[in-house]
Student: 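Below is one structure. I have some questions about it.
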Amino acid sequence: MKWTLILIFGCLAETTLCWTYHYSNKTMNWTQAREWCQKYFTDMVVIQNQAENDYLVSILPQKRSSPYFWIGITRNHMNESWIWIGNNSTWIGNNSWAPNEPNNVHATEFCVEIYTNTGENQGKWNDEKCSKSKYAACFKTQCNESSCERGRCQEAINSTTCLCEHGFKGDRCQTPVECLPLSEPYNGYHSCSRGNQTFNTTCRLKCHPGFFINGSSFVTCEDTGDWSGPRLTCAVTVTTD
Ligand SMILES: *[C@@H]1O[C@H](CO)[C@@H](O)[C@H](O)[C@H]1NC(C)=O
Ligand SMILES: *[C@@H]1O[C@H](CO)[C@@H](O)[C@H](O)[C@H]1NC(C)=O
Ligand SMILES: *[C@@H]1O[C@H](CO)[C@@H](O)[C@H](O)[C@H]1NC(C)=O
Ligand SMILES: *[C@@H]1O[C@H](CO)[C@@H](O)[C@H](O)[C@H]1NC(C)=O
Ligand SMILES: *[C@@H]1O[C@H](CO)[C@@H](O)[C@H](O)[C@H]1NC(C)=O
Ligand SMILES: *[C@@H]1O[C@H](CO)[C@@H](O)[C@H](O)[C@H]1NC(C)=O
Ligand SMILES: *[C@@H]1O[C@H](CO)[C@@H](O)[C@H](O)[C@H]1NC(C)=O
Ligand SMILES: *[C@@H]1O[C@H](CO)[C@@H](O)[C@H](O)[C@H]1NC(C)=O
Ligand SMILES: *[C@@H]1O[C@H](CO)[C@@H](O)[C@H](O)[C@H]1NC(C)=O
Ligand SMILES: *[C@@H]1O[C@H](CO)[C@@H](O)[C@H](O)[C@H]1NC(C)=O
Ligand SMILES: *[C@@H]1O[C@H](CO)[C@@H](O)[C@H](O)[C@H]1NC(C)=O
């Protein structure tokens, strides 16, 4: 299925109509930190690009030294790739890791912390043993079941958008696309499946006595807002004798 992108609302500084970041003020191992995020918010943070990384660092409190914050990327084995929780993304920026990281100390460091100090390594990542205690960095989603009526809700830091199914529009994909009203046929009338002539409405042609349907007998309002065929027409009955 194809989708149309529609912006619901940009997020203003004071509003919370987009995903938000949250953090703990107690330290936990990685597993506990993720559970804490899932209990109070949506999940541990997932970072999809450098802009999000920078924004997250601007939100999190600065720390002078370890412990810093756990983020939602792990691996099970030294020779495997790093995988983000959630959708299995493997995004790692060219400059995401701090110098000489990941260093696989003792080949047992399969979780990742983000440095929130003020030094050169601010915002860089470091691989750590998952059993270490660090603060949790979490996000809370703003999409819910009622955000988009006939579409999918999609979030970024500063925006929540509905991806509408074809045939629907509006900020919440709540409005069916409308077709231009059919003009009345000569010598007949339309019988439509709905009072309005919106997406998925089918109109049948009925001809007055003595007339017959010339060509197609019905048209449907398509997701493009066009009727599916040429104008319906009733023709005079040709008497042959
Ligand atoms: C989000 O919006 C705020 C306020 O408009 C802006 O200051 C900030 O830079 C934006 N962040 C991103 C990552 O676009
Ligand atoms: C942070 O600590 C304060 C008191 O020290 C406490 O009241 C608050 O609930 C804590 N917040 C979190 C998110 O743990
Ligand atoms: C990881 O891969 C390297 C070379 O690709 C190999 O030498 C090493 O034994 C592997 N480590 C493990 C634990 O499998
Ligand atoms: C992530 O990958 C695992 C294993 O390959 C799979 O079971 C899971 O469904 C994937 N999750 C998503 C959201 O794609
Ligand atoms: C994960 O989601 C992001 C954005 O939501 C997308 O850019 C990325 O391609 C997704 N990754 C996978 C493996 O689906
Ligand atoms: C990241 O590194 C790759 C390979 O070296 C390079 O092709 C790409 O342009 C780099 N991206 C950025 C944003 O620097
Ligand atoms: C995290 O702590 C819990 C509770 O103490 C423990 O059961 C779990 O094994 C720990 N996980 C790691 C990866 O250390
Ligand atoms: C669902 O999200 C929308 C914004 O996308 C918000 O206006 C609405 O209040 C939310 N509803 C619930 C039940 O949280
Ligand atoms: C058209 O009618 C249908 C069914 O009666 C209704 O669901 C839809 O909201 C109406 N559309 C408009 C634009 O009035
Ligand atoms: C369009 O109408 C068909 C037949 O009545 C129905 O099966 C389908 O679910 C409708 N599609 C939408 C998007 O309403
Ligand atoms: C039926 O319609 C076609 C064009 O759509 C027209 O050429 C033809 O003359 C019509 N037939 C009658 C009997 O009116």
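All ligand and atom numbering here is 1-based and tracks the order in the structure.
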Student: Check ligand 7 against T31 and write out every atom of the ligand that is under 4.0 Å from a heavy-atom position of the residue.
Tutor: 11 (N), 13 (C)
Student: Spell out, with a plain yes or no, whether C148 and C162 have SG atoms under 2.5 Å apart.
Tutor: yes
Student: Measure from the ring center of W84 to the ring center of W125 and say whether it is less than 6.0 Å.
Tutor: yes
Student: Return a yes/no value for E165: is any of its N or O atoms, backbone included, closer than 3.5 angstrom to an N or O of ligand 10?
Tutor: no
Student: Tell me whether the rings of W82 and W97 are parallel (<30°), tilted (30 to 60°) or perpendicular (>60°).
Tutor: tilted
Student: Can you pull out the closest protein heavy atom to atom 13 (C) of ligand 10? Residue, atom name and distance to 0.1 Å, please.
Tutor: R150 NH2, 3.4 Å
Student: Would you tell me which option among T233, N214, V236 has the nearest heavy-atom contact to atom 3 (C) of ligand 11?
Tutor: N214
Student: Look at atom 8 (C) of ligand 10 and say which protein heavy atom is nearest, naming residue and atom and giving the distance to 0.1 Å.
Tutor: N200 ND2, 3.6 Å
Student: Taking the six-membered ring for Trp, are Y21 and F139 closer than 6.0 Å centroid to centroid?
Tutor: no
Student: Could you list the atoms of ligand 11 found under 4.0 angstrom from a heavy atom of A235?
Tutor: 12 (C), 13 (C), 14 (O)
Student: For ligand 7, which atoms, with element, lie under 4.0 Å from some heavy atom of N29?
Tutor: 1 (C), 2 (O), 3 (C), 8 (C), 10 (C), 11 (N), 12 (C), 14 (O)
Student: Between S89 and Q48, does the side-chain contact (heavy atoms from CB on, under 4.5 Å) criterion hold? Intermediate values first, please.
Tutor: CA-CA 8 Å; S89 150; Q48 299 171 70; 5.8 Å; no
Student: Quick check: Y135 with F69 (ring centres under 6.0 Å apart)?
Tutor: yes
Student: For atom 4 (C) of ligand 7, what's the nearest protein heavy-atom neighbour? Residue, atom name and distance, please.
Tutor: Q32 NE2, 3.3 Å
Student: Can you confirm if the aromatic rings of F110 and W30 lie within a centre distance of less than 6.0 Å?
Tutor: no
Student: For ligand 10, which atoms sit closer than 4.0 Å to a heavy atom of F199?
Tutor: 13 (C)
